[in-house]
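The shown structure was predicted, so the numbers you read here are calculated from the model rather than taken from an experiment. The residues of the chain are indexed from 1 along the displayed sequence. For the numbers below, each heavy atom of this structure counts, side chains included, while hydrogens, waters and symmetry mates do not.
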Amino acid sequence: MDNLAAHDTPSGADKDAPLKEDIRLLGRILGDVLRDQEGDAVFEIVETIRQTAVRFRRDADPKAGEELTALLHKLTRDQTNSVVRAFSYFSHLANIAEDQHHNRRRRAHLLHGSGPQAGSVGYALGKLVDAGVSQDTVEGFFKEALISPVLTAHPTEVQRKSILDAEHDIARLLAERDLPLTPKERQRNTQLLHAKIATLWQTRMLRYSKLTVADEIDNALSYYRITFLREVPALVEDIACEIATHYGNDSAGLHNATYLQMGSWIGGDRDGNPNVNADTMRHALTRQSTTILDFYLDEVHALGAELSASTLLVDVSPALASLADASPDNSPHRSDEPYRRALIGIYARLAATARELGLGHILRKEVGHAAPYLDPELFAADLEVLADSLRANHGAVLIEPRLAGLKRAARIFGFHLASLDMRQSSDVHERVLAELFARAGVEKDYAALGEEQKVALLQTELAQPRLLYTPYETYSDETNGELAILRTAREIRVRYGSRAIRNYIISHTETVSDLLEVLLLQKETGLMRVSAGASSGTSEVMVIPLFETIPDLQRAAGIMSEWMALPLVASVIEKQGRLQEVMLGYSDSNKDGGFLTSNWELYQAELKLVEVFEAQNVKLRLFHGRGGTVGRGGGPSYDAIRAQPPGTVNGQIRLTEQGEIIASKFSNAEIGRRNLELLVAATLEASLSPHASNGAGAERLARFEGVMAELSERAYKAYRNLVYETPGFTDYFFSATPIAEIAELNLGSRPASRKSTRRIEDLRAIPWGFSWGQCRLLLPGWYGFGSAVSGWLAEGERENKLEQLRAMFHDWPFFATLLSNMDMVLAKTDLAIASRYAELVADVSLRERIFKRIAAEHGETLRCLEAITGTGERLAGNPLLARSIQNRFAYLDPLNHLQVELIHRRRALADNVDPRVNRGIHLSINGVAAGLRNTG
């Protein structure tokens with residue numbers, strides 16, 4: 001691996017020299033570990049495979065391809081897994097080096113005083129100041145805003161927590177090397193890196209048993225300890241200081257603001273996942289609460305050691321004295337140390353709270369008994385007493401190091417840590433209510449009713465004081481399970497606070513009745529209360545539609561208009577602060593209609609929703625169900641948010657963070673902090689920057705949108721023709737990608753398909769996109785664009801039309817972001833590698849026919865993109881990412897070649913059960929995902 005690192009890293013500018021050095025170092029150490037653990041013979045095999053794969057890529061040499069095939073074919077199963085592990089771990093180590101380099105570059109930028117970096121809150125504030133936006137407006141934004149990343153699990157999750165922990169230690173040691181170290185310290189650092197990489201090699205990368213929801217919960221919680229618990233409160237404080245710097249006045253009310261909050265689906269998302277139920281919800285909140293209370297207990301204990309002020313030397317406030325006197329600590333050694341006594345009392349109350357909320361073991365036993373906190377606000381209030389006393393008695397300087405951050409954390413995270421969303425399919429709700437109606441004698445066949453009849457029945461039933469459910473009747477397991485979920489949600493809100501669960505998302509929302517059904521189920525379980533006559537009601541959990549497919553997106557505005565016009569719903573929304581959330585799904589719309597059409601339909605749906613909500617005088621909050629890949633709404637969040645249509649952000653945004661994207665963004669605290677800041681900065685800019693929405697700007701935008709509508713129609717036809725109308729395409733997909741292996745191996749708690757079929761319609765969008773990424777075609781992120789543009793240009797004056805597209809690229813953020821994301825996908829697409837996967841298709845005629853079509857569309861897409869952007873070089877506008885991708889190919893390509901070989905072997909087995917072959921495939925999936933970094 002040292003040869004790979006030393007010779008295949010491209011010679012970039014001098015500023016990348018530290019990155020190259022880090023990659024060489026980690027590669028050399030991995031090579032040493034490989035020699036030590038597996039022997040020189042395996043190391044030489046790894047090098048031979050690498051060199052042959054590079055020759056195959058560089059020269060497109062068929063002879064090299066034949067040599068590679070022969071070389072891989074003769075590997076023993078044990079050798080194959082060692083080789084796969086070597087390249088996979090090098091992908092992981094290169095990611096660590098790259099993250100460290102991003103941090104290094106950012107610090108260098110700040111140290112040289114170059115001004116706020118693009119994408120920072122300081123940069124956004126500077127633009128707003130220049131545009132004449134007042135401090136009051138900015139402060140008002142932050143006081144009303146909700147910006148929430150929502151962590152989700154999915155079937156392509158490939159990381160183990162043990163691996164994450166080891167890699168976190170490697171990242172820390174690598175960062176340490178940028179400090180001035182003595183020769184002995186540097187030698188010690190290298191020894192520790194060697195030990196950690198050896199630990200990685202000896203640690204099982206894979207799970208032998210299927211991933212459970214509990215595993216996914218624990219995996220996600222590790223990122224809180226690494227990043228969120230400290231970085232979210234710190235970012236809130238830094239933003240308040242940035243506002244003071246830009247406007248010259250302190251933003252006192254923003255130091256403890258709660259606009260940045262975490263969300264989670266893990267343990268509450270049961271759409272298509274039979275493993276999620278009421279018990280998993282309870283477990284999720286118990287684990288979340290344990291995580292945050294452990295943090296509070298550690299911080300309070302540390303504060304007790306730090307705040308040693310004596311009343312013999314300084315005064316304290318009466319409130320602090322009272323807090324100290326209420327402490328169970330009566331030690332004479334601390335009689336003059338009221339802060340310590342007060343903190344011992346706070347610790348005792350926190351310990352009691354933790355036990356009441358399910359924490360089984362508290363590391364440091366409290367001094368004595370104390371009553372638990374009834375809510376986190378009381379805990380925050382006690383911390384405020386300490387801060388007020390310090391501020392009034394020459395101790396203000398002692399607040400910021402730890403106490404200030406702990407106060408902010410208490411308000412942001414409460415005792416629940418993150419809001420857990422519930423999600424279920426509308427089909428399930430319909431079946432549950434059909435059973436409840438039938439057993440109660442209200443309606444024999446609810447499912448057979450028309451939409452108007454359903455809406456009328458549901459409104460009538462909501463007005464009834466009695467329940468449909470009776471404990472004296474027998475119900476199906478599905479009905480009992482769904483009702484138990486909602487009853488548990490009510491218990492959780494009482495136990496952990498109202499922010500613990502506050503959203504219910506309805507997958508496959510197609511009608512108003514889909515929404516009313518959830519209101520009625522809430523009424524059945526005590527989450528919804530309706531006044532006499534059903535003219536007014538209160539819902540504890542917001543009912544949120546999820547519009548996913550293209551037809552659903554086209555119906556979204558009409559459904560929401562009808563929904564908000566219902567008197568009962570209007571009263572519910574009034575009590576929600578005249579706010580209603582709508583979730584938009586990027587994945588299924590892409591699988592349904594392709595990349596270009598999906599993005600366009602989402603754009604149009606958002607604009608129409610803005611019109612409907614403005615007419616109702618209701619604030620719209622959009623929840624963007626973005627996945628990792630561009631084909632699932634992925635790509636840089638900062639650009640995506642800034643490219644949103646005018647009026648669709650307004651300080652309210654939630655968006656999903658999924659799978660290996662969570663690891664990519666948040667497994668390093670400094671990188672995580674940067675990603676959180678990008679999210680806040682983009683929301684600030686999108687909400688408050690002036691928009692050219694009238695006059696000539698509006699007319700020009702209308703022309704752009706007209707062109708986009710034509711391109712979308714053409715792209716839709718091209719995509720649908722390939723995926724859904726081409727005979728044999730389904731067989732090609734299941735053969736030429738590792739979709740079958742992804743579905744059958746232990747890659748997540750959720751099944752890869754909603755139904756046990758081979759229909760693409762039934763396949764989940766996540767494994768659909770993930771599979772195309774693994775075979776390096778990434779088809780969902782570009783297919784149809786070339787046909788659409790070339791076909792449109794061919795009809796009429798080509799040069800004038802091309803100038804129109806160039807103007808759209810330069811002047812319309814939506815179109816520019818769309819092309820930028822597609823450019824990134826094309827940079828990672830590799831037809832030579834994909835051709836190896838195509839060889840897995842046994843039917844030669846089918847293989848050649850479909851691969852030829854895909855290759856032709858790929859070429860046309862590249863030509864059209866070059867004509868619009870003016871460059872044939874991929875990622876010309878993002879040279880850092882271009883160099884990153886170039887760095888990866890040398891060790892990513894062999895993983896793809898090995899994966900093809902292993903899939904050949906697996907499919908040749910009669911029973912597909914050789915554990916070494918399966919393990920090798922799983923390892924290769926892990927390595928390719930790590931190398932591409934956004935494939936899920």
Side-chain angles (χ1 to χ4, degrees), residues 549-554 586-608 630-633 635 643 645 700-727 729 760-761 768-769 772 777-812 814-823 825-826 829 849-869:
T549 66
I550 288 172
D552 292 346
L553 289 168
Q554 292 170 342
Y586 289 65
S587 305
D588 283 299
S589 56
N590 186 292
K591 186 166 74 74
D592 189 23
F595 170 65
L596 200 71
T597 300
S598 171
N599 279 273
W600 175 237
E601 292 295 343
L602 284 158
Y603 180 92
Q604 289 191 104
E606 290 182 48
L607 285 177
K608 291 171 184 173
V630 166
R632 296 186 51 243
R700 196 171 192 222
L701 179 60
R703 288 199 299 274
F704 289 170
E705 290 174 346
V707 172
M708 189 64 201
E710 290 188 50
L711 293 177
S712 172
E713 184 177 354
R714 292 173 181 273
Y716 179 80
K717 289 178 180 177
Y719 174 86
R720 295 285 300 188
N721 181 262
L722 175 73
V723 174
Y724 293 100
E725 297 167 9
T726 298
F729 181 82
I760 290 173
E761 292 89 336
W768 162 258
W772 288 115
L777 263 179
L778 294 95
L779 181 142
W782 56 266
Y783 194 91
F785 181 83
S787 292
V789 173
S790 60
W792 184 72
L793 290 174
E795 294 183 1
E797 300 178 3
R798 177 183 171 84
E799 283 307 311
N800 288 342
K801 285 189 167 186
L802 192 55
E803 283 305 312
Q804 176 84 305
L805 292 174
R806 288 169 178 160
M808 290 166 64
F809 173 64
H810 287 291
D811 301 333
W812 191 17
F814 166 78
F815 194 65
T817 299
L818 186 141
L819 264 58
S820 174
N821 286 337
M822 189 171 68
D823 188 23
V825 170
L826 290 167
T829 300
R849 177 164 50 88
I850 292 183
F851 189 78
K852 184 178 179 180
R853 280 187 61 184
I854 293 172
E857 180 67 18
H858 178 261
E860 193 63 42
T861 296
L862 288 174
R863 285 189 289 275
C864 290
L865 183 63
E866 179 179 351
I868 296 169
T869 63

- Query: Looking only at heavy atoms, what is the nearest atom pair of G786 and T861, with distance?
  - Reply: N-OG1, 3.1 Å

- Task: Quick one: pull up CE in M822 and CG in L818 and give me the separation to the nearest 0.5 Å.
- Result: 6.5 Å

- Item | Separation of S712 OG from E705 CD (nearest 0.5 Å) | 12.5 Å

- Minimum heavy-atom separation for L793 to L805, with atom names? CD2-CD1, 4.1 Å

- Task: For A709 and W600, work out which heavy atoms get closest and say how close.
- Result: CA-NE1, 3.5 Å

- Item | Exercise: identify the closest heavy-atom pair between M708 and M808 | N-CE, 4.4 Å

- Message: Is it the case that over 12 heavy atoms from other parts of the model lie below 6.0 angstrom from the CD atom of E713?
- Response: no

- Could you state the interatomic distance from NE2 (H858) to OG1 (T829), rounded to the nearest 0.5 Å? 5.0 Å

- Query: W782 side chain to L777 main-chain N or O, any donor-acceptor pair under 3.5 Å?
  - Reply: yes

- Under 3.5 Å: donor-acceptor pair, side chain of R806, backbone of A867: yes

- Task: Give a yes or no on this: more than 12 heavy atoms of other residues, nucleotides or ligands lie within 6.0 Å of atom CD of E797.
- Result: no

- So, for Y603 and F814, is the gap between ring centers shorter than 6.0 Å? yes

- Main-chain N/O of L819 paired to D823 side chain as donor or acceptor, under 3.5 Å: no

- Do W768 and V723 touch side chain to side chain, with heavy atoms closer than 4.5 Å? yes

- Item | F704 and D811, any side-chain heavy atoms less than 4.5 Å apart | yes

- Side chain of S820, backbone of A816: donor and acceptor closer than 3.5 Å? no

- Task: For atom NZ of K801, decide whether the heavy atoms of other residues, nucleotides or ligands shown that lie under 6.0 angstrom number more than 12.
- Result: yes

- Query: Has the side chain of Y719 got a donor or acceptor atom that lies under 3.5 Å from a matching backbone atom of K591?
  - Reply: yes

- T726 side chain vs N721 backbone, donor-acceptor pair below 3.5 Å: yes

- Item | Closest approach of A718 to Y783 (non-hydrogen atoms, all atoms of both residues) | O-CE2, 3.7 Å

- Query: Taking NZ, NE, NH1 and NH2 as the nitrogens, is one of them in R863 or E860 under 4.0 Å from a carboxylate oxygen of the other?
  - Reply: yes

- Query: Ignoring hydrogens and geometry, is there a side-chain-to-backbone donor-acceptor pair from R720 to D592 under 3.5 Å?
  - Reply: yes

- Task: State the CG-CZ distance between L711 and F785, to the nearest 0.5 angstrom.
- Result: 7.0 Å

- Query: Once you round to the nearest 0.5 Å, how far does CG of L553 lie from CG of L602?
  - Reply: 5.0 Å

- Rounded to the nearest 0.5 Å, how far does NE2 of H810 lie from CZ of F815? 11.0 Å

- Task: Search all heavy atoms of E710 against all heavy atoms of W792 and return the closest pair with its distance.
- Result: OE1-NE1, 3.1 Å

- Under 3.5 Å side-chain donor-acceptor pair for E857 and S787: yes

